[in-house]
Amino acid sequence: AQKHPLQTISYIDEIHHKSHNMIIAMDDMLWSIDPANDTMDKAIDRMREFAGALSRRDNARIELRADDDIRTLTPDMKIRHEFLLIYKLALRMLIEEIKVSNVLIQLDYQRPHLHLTLFSTEVPPDERSTRYFRLLEEMKARAQAIHGTLEIQYDDRGAAILLICPSIF
């Protein structure tokens, strides 16, 4: 530690970051397996809680809208868990990686599909970080695990991330 103080600080920061992420992942898992959280109403509350924390930390405006029909749905534990993780990854990608400051999130239920759309009118830069690609690959893998479809679109009107989960209820 005394011979290489900068490298030591770097290691400590990495340990802190990985430990923090592990605690969050464990909390998400425990939340998902709790039978008290079996409804989309509880999932939407969790989504709002995460958006609020991210909004305060990164000074972003995040609005979540959900169809009333969605609140009574009861997805199975695996679907609910993966869906929430994809949501969190997508929102982090927009706020932390692409650096947008305004996101509209829309949840719709069109039998038998649940649609999650995250949209920002801010045009993302052309360059992408390594973390951006890791988040994208993780979202794709999680969508595939629940037989969902994930699309990310960019144009001069902004950025959109769309998740469609078929037959999840």
Determine whether Arg71 and Ile44 make a side-chain contact, defined as any pair of heavy atoms from C-beta on separated by less than 4.5 Å. yes
Residue Gln144 excluded, over 12 heavy atoms near CD under 6.0 Å: no
Identify whether Ile98 and Phe119 are in the same connected component of the hydrophobic contact network (ILVMFWY, side-chain heavy atoms under 4.5 Å). no
Partner set under side-chain contact (heavy atoms from CB on, under 4.5 Å) for Arg56, not counting sequence neighbours: Ala53
Pairs where residues 139-149 contributes a residue and the test salt bridge (charged side-chain N to carboxylate O under 4.0 Å, His left out) is met, not counting sequence neighbours: Glu82-Arg142, Glu138-Arg142
Are Val100 and Leu136 connected in a single hydrophobic cluster, I mean Ile/Leu/Val/Met/Phe/Trp/Tyr linked by side-chain heavy atoms less than 4.5 Å apart? yes
Spacing of CZ belonging to Arg80 relative to CG belonging to Leu73, to within rounding of 0.5 Å: 12.0 Å
Just wondering, are more than 12 heavy atoms of other shown residues or ligands nearer than 6.0 Å to CZ in Arg111? no
Quick one about Asp108 and Gln106 (side-chain donor to acceptor, distance below 3.5 Å, no hydrogens or angles considered), yes or no? yes
Spell out, yes or no, whether Leu118 and Ile164 are grouped together once hydrophobic residues are joined by side-chain heavy atoms under 4.5 Å, including indirect joins. no
Would you compute the distance between atom CD1 of Ile152 and atom CE of Met139 and round it to the nearest 0.5 angstrom? 4.0 Å
Less than 4.5 Å apart, side chain to side chain, heavy atoms only: is that true for Ile86 and Ile146? yes
What are the two closest non-hydrogen atoms of Leu94 and Ala159, and how far apart are they? CD2-CB, 4.2 Å
Where the side chain of Ser55 meets the backbone of Ala60, is there a donor-acceptor pair that is under 3.5 Å apart? yes
Spacing of CD1 belonging to Ile95 relative to CZ belonging to Arg61, to within rounding of 0.5 Å: 11.5 Å
Taking all non-hydrogen atoms of both residues, which atom of Ala51 and which atom of Ile62 are closest, and how far apart? O-CD1, 3.5 Å
Using modelled atom types only, decide if a donor and an acceptor are shared between the side chain of Ser10 and the backbone of Leu6 within a distance under 3.5 Å. no
Are Leu85 and Met93 connected into the same hydrophobic cluster when the rule is that any two of I, L, V, M, F, W, Y join if their side-chain heavy atoms are below 4.5 Å apart? no
Is the shortest heavy-atom distance from the side chain of Pro75 to the side chain of Phe83 under 4.5 Å? no
To the nearest 0.5 angstrom, please state how far the CG atom of Asp68 sits from the CG atom of Leu107. 12.0 Å
Output yes when a side-chain donor or acceptor of Gln110 lies under 3.5 Å from a complementary backbone atom of His115, and no otherwise. no
In terms of relative ring orientation, are Phe50 and Tyr87 parallel, tilted or perpendicular, with 30° and 60° separating the classes? perpendicular
pair Leu116-Leu162: side-chain heavy atoms closer than 4.5 Å: no
I'd like to know if the side chain of Asp76 reaches the main chain of Ile79, judged simply by a donor and an acceptor atom lying under 3.5 Å from each other, with no hydrogens or angles considered. yes
If you define the side chain from C-beta out and look only at heavy atoms, does anything of Arg131 sit under 4.5 Å from Arg92? yes
Chi angles and distances behind the salt bridge (Lys or Arg N to Asp or Glu O under 4.0 Å) call for Asp155, Arg157: CA-CA 5 Å; Asp155 61 22; Arg157 294 176 292 166; 2.8 Å; yes
Out of curiosity, Leu135 CG to Ser129 OG, how far, rounded to the nearest 0.5 Å? 7.5 Å
Do Leu104 and Leu89 share a hydrophobic cluster (ILVMFWY, side-chain heavy atoms under 4.5 Å, transitive)? no
Hey, could you give me the CG/CD distance between Leu54 and Glu96, rounded to the nearest 0.5 Å? 5.5 Å
Is the side chain of Ser120 donor-acceptor paired with the backbone N or O of Val103 at a distance under 3.5 Å, no angle test? no
